[in-house]
Structures are given as C-alpha cells and as structure tokens.
Undergrad: 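For reference, the structure I am asking about is given below.
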Amino acid sequence: MMLDPAGQPGPHAVVIGAGIAGLIVARVLTDHVERVTVIERDRASPEGDARRGAPQGRHVHLLLTGGSRVIERLFPGMDEELAAAGAPGGDCGLCSIVHFPACRMPRRRLGFDLRLASRTLRERLLRRRLDRDARITFREGALVKGLLGDGQRVSGARVRSRDGGEEALRADLVVVACGRDAPVTAWLEELGHRAPREEVVDAHLSYASRWYRPRSVDTRDWHFAMDMPSAPHHRRGGAAVRYEGGRWLLTLEGIAGDRAPSGDAEFVAWARSLRVPEIHALIQDAEPISSIHGFARTENRRRHFEEMASFPDGLVVLGDAVAAFNPIYGQGMSVAALGAQELDACLREQRARLGAPGLDGLSRRFQRRLARVTEMPWQFATGEDFRWPETTGGRPGAIQRFMHAYSDQVMQLVEEDAEAARTLMRVLHFIEPPRALFRPSIAGHVLSRAARPALASARHSASAAAARLFTLAERRGGIR
C-alpha cells in the first residue's frame, strides 16, 4: 500500500482520460480500490458541446447493444436516465433502416433494443453518476507528462496542472484510457521498455456532419438510418440518427479517397446520392442548426502491448489507446466497455487467487486478455477496410478473404431469412460471438446458395464444410 502526496492511505488508482473509456473504468475500479483519481486535460463541456479533446464527438456515435449492457450492469438504471433525457430507443430491427453493402435489410423485430443518445449526453450522465461517489476525484485541466516508477513497476504519474505546476501523484495502479493519441509508448520507453508493435490500416475515410431540427411535427417511425459504402465502386455512405431533444445528426462519409462534403449544396447533393432515400427526405423537411464539421482521423490503429517482452506491473492500457477502429463500424465505445469489463474480471480473479487485494502480475495478464477481446472487432474493421484497393497498411490474408466471401453470402441471406438476420445483428452488436454465424442452420443455407445449383440438395455437407473452415480460421486466430 502507498501514500499519495496528501498522505491519504491507498489502495489508490489513477485513470488518465475522462472520456467514455475512462469513466467506465473509473466505475469498475471503485469495486477494487479505496480511491480513484481521474486526470483529464479538458474541462467539462457545456451541454451540447463536444469536448476539445474529442472532436469526433460532433459526429454520429452508436453504442452497440453489447456495450450498452455492460454499462447498464455497472450503472444500473442508466438506460432509464437516457430515456428520461429524451434519448429515443426501441427494438433494433424496427427502429432502424440499414443498407449493408450487399442489400437493404428488411425491417423486422430482432428481439433486442437500441438506445440512441449523443456521445455528449452519455458522457454527461456517466460523469454525473461518478461525481456523486466520494471515492472518485476528478482533476480537470491537468496533463500527464509521464509515469513514475521503473522498468519493473509503475508507481504513479507526473501531472502538470493548468497553472504550470507539476507534482508526483502516487498510485498503486495507473490506467491509460486517454484515446488514440495517448503517448503511452513514449512513457514506456522512458522506463526502459521497447515500443510495442503497431498496426495501422487506413481506408482513408472522411466524415462531414451537421445537426438538423424538423420544421414540422416529426412522425417518422424510425430513429436510425444508415447506408454503408460498398467496395469497390460505391464510395459514399451516411447515417442519420434521431438524438435527444428531437434533433437529428447527419454524418456523411467518403471512403477510399472520396472526400466528404464541406459546402452546403454539396452536402445536400451527397445525401441525395445515397441508397437510403429516407436520409435525403429527412433533411428536405428539416433546417440545419449547426455548421458542417469535418473529421478524417479514422484509421485503424492497434498497439500490441500483449506482445512486449517486458511490461511493468501497476499499469494497464485500454480503449483507443490500445486499439482505435475506423468509426464507420461503430465499435469504439462498446469495445472500451468490454475492455473495462475484462479488467473487472481480472481484478476479481486476482483477489480470489491471492485471497487479498494485490496487483502483482495483473498488468501483463490483463493486456493479453484484452488482446483477445480486441481481436474480433479488429479483424472485422480491418477486414472490411481491406476490400478497398486504396487501403494502406497491408492486404487481407486467406482467412479474411474466406470471411469476405462468407459474410457476403450471409448479407444476401438476411433479406429472406429472419434467423440469419437476427444472428448477424446480434453478432455485430457484440451480443453473440462470430461463431454463431456458422451454426448449421445458417452455414448450410449460405454454402448451398453459393454453390447453386450443383449443391442445392447438399445442405448437410455444406454445413460440415463450413464448420471445418471455421475451425481452421479459429485456430489461426482470425475468428474469436
């Protein structure tokens, strides 16, 4: 146990970053330590404003249902609070219009709910919950300049306040959750560790977003509409989401070098070109209430801390600081929640194994387990981006090419097969693992469709072949 500069007893944890990942992990840590200090360089934003350190907050955010369920477990009643704040929701299949690259999915009941809330509202409500907890202290306008400790153990952080003063903040555990630009690699090098292997896969996606308010009573029976770009020719996409207050946020996307629009007329024309006409009809019946905001930091970036030959105790890294995804797939917040859940499990197992609180060996074990959590969304995001010839950072391997072919068939199957549609959406929302798509009832249909007419009567054989291919892919690490 340590003492921090104020002389208060620990155990004490420091969380670097007060975004979604940092807020969720701060809540997790209250079950394991006596005090948590959250360091954030920004100050709390006014209502409706994106934090300066989170410019992507001006664009469409979607919390997948699997991530939402993790947050609800840690913050009971959060979904009710979001609804009371005006965030709409409903059955995912009934309140959504989705055009996948291969088809437009029929609107049908899927059996799980989706809550639509802006990132700003989610952060504000999570922060309000944590502000009520006397065990948590927020230090805003502060910047972490490095880590305390040596090559064996991290013992805190060097923190610079806005007035320029610097202090050594002691901690038993430091959690880095401050986004894709986190300088954690440099901090580790200062402690004598080699930088981790880093992967970058960039499909050159750009965003342009604008808020709208309907001019008349809004009678639409959907809250979310999306048109995903389709390689190699359909390079434009977009999403419209009804958020709290009856406002709509429209984000237009250009990929593989097709730059998202920045002017008023081009913005409307782009929306008109989408394969989901409801999006253009929406803005024809609404008035813009913001300027157009652009964003282009959308590359997939992953740091393999789990592979490092040495990694200090007393430090864990999660969220975008480990793996940042192309945001078009909506995975970031949910993967952060799943990572925080994994840290919770590791800490509980650590206590059970030692019979008392302790952190020895936790850091390396957590980073390895987080890598397994990250693998599936990473394979999905990069695999989809590899469909574009312009993508930089590598090419798809045999497993990804197989998954491309298989998923294309699944996408076509969802138009006519309700079970396939439900399973696909449950996988995409992190409710079920990808192996669910290889159940015989789905795999047999997929492979018999792909082989028509020669194998139209061989569904059992096709299912067995799919199972063998899945097992091979799983062993090679392409599917989790």
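The figures here come from the full heavy-atom set of this structure, side chains too, leaving out hydrogens, waters and symmetry mates. The first residue in the sequence is number 1, and the count goes up from there. These numbers were taken from a predicted model, which means no experiment stands behind them.
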Undergrad: Any salt bridge linking Arg348 with Asp31? Criterion: basic side-chain nitrogen under 4.0 Å from a carboxylate oxygen.
TA: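 Between Asp31 and Arg348 there is a salt bridge, with a charged N closer than 4.0 Å to a carboxylate O.
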Undergrad: Would you call the rings of Phe438 and Tyr406 parallel, tilted or perpendicular, where under 30° means parallel and over 60° means perpendicular?
TA: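 If you compare the ring of Phe438 with that of Tyr406, the planes turn out parallel.
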Undergrad: What's the shortest heavy-atom distance between Leu252 and Ala271, and which atoms?
TA: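 Looks like CD1-N, 4.1 Å.
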Undergrad: Can you tell me if Arg259 has over 12 outside heavy atoms packed within less than 6.0 Å of its CZ?
TA: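 Open.
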Undergrad: How far apart are the closest heavy atoms of Pro377 and Phe430, and which atoms are they?
TA: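 Nearest heavy atoms, Pro377 then Phe430: CB-CZ, 4.0 Å.
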Undergrad: Would you indicate whether Arg108, at its atom CZ, is surrounded by more than 12 heavy atoms from other residues, nucleotides or ligands within a distance under 6.0 Å?
TA: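 Correct, the count exceeds 12.
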Undergrad: Tell me the closest heavy-atom pair linking Trp211 and Ser290, and the distance in Å.
TA: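 Heavy atoms of Trp211 and Ser290 come nearest at N-OG, 2.9 Å.
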Undergrad: Do you know which two heavy atoms are closest between Asp264 and Arg210, and how far apart they sit?
TA: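 Reported closest heavy-atom pair: OD1-NH1, 3.2 Å.
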Undergrad: Check this for me: does any side-chain nitrogen of one of Glu198 and Arg303 sit under 4.0 Å from a carboxylate oxygen of the other?
TA: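 Judged by the 4.0 Å cut-off on N to carboxylate O distance, Glu198 and Arg303 do form a salt bridge.
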Undergrad: Exactly one of Glu390, Glu253, His204 should register a side-chain hydrogen bond (donor to acceptor under 3.5 Å, both in side chains) with Arg235. Which one does?
TA: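 Among Glu390, Glu253, His204, the one meeting side-chain hydrogen bond (donor to acceptor under 3.5 Å, both in side chains) with Arg235 is Glu390.
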Undergrad: Within the 3.5 Å criterion, strictly below it, is a donor on His234 or Arg275 matched to an acceptor on the partner's side chain?
TA: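 A pair is found: one side chain offers a donor N or O, the other an acceptor, under 3.5 Å apart.
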Undergrad: Which atoms form the tightest heavy-atom contact between Arg369 and Ala345, and what is the distance?
TA: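 Of all heavy-atom pairs spanning Arg369 and Ala345, the closest is NH2-CB, 3.8 Å.
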Undergrad: For the CZ atom on Arg213, are there more than 12 heavy atoms of other groups (residues, nucleotides or ligands in this structure) within a distance under 6.0 Å?
TA: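 No.
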Undergrad: Sort out for me which residue in Asn326, Thr391, Asp385 forms a side-chain hydrogen bond (donor to acceptor under 3.5 Å, both in side chains) with Asn300.
TA: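 The residue from Asn326, Thr391, Asp385 that satisfies side-chain hydrogen bond (donor to acceptor under 3.5 Å, both in side chains) with Asn300 turns out to be Asp385.
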Undergrad: Is the backbone of Glu299 close enough, under 3.5 Å, to the side chain of Arg180 for a donor and an acceptor to pair up by distance?
TA: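 At least one qualifying donor-acceptor pair exists.
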Undergrad: Between Arg127 and Asp131, is there a side-chain N and carboxylate O pair less than 4.0 Å apart?
TA: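 Between Asp131 and Arg127 there is a salt bridge, with a charged N closer than 4.0 Å to a carboxylate O.
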Undergrad: Begin from the C-alpha positions of Arg387 and Glu384 and carry the test salt bridge (charged side-chain N to carboxylate O under 4.0 Å, His left out) through to its verdict.
TA: CA-CA 6 Å; Arg387 292 178 184 268; Glu384 289 300 304; 3.1 Å; yes
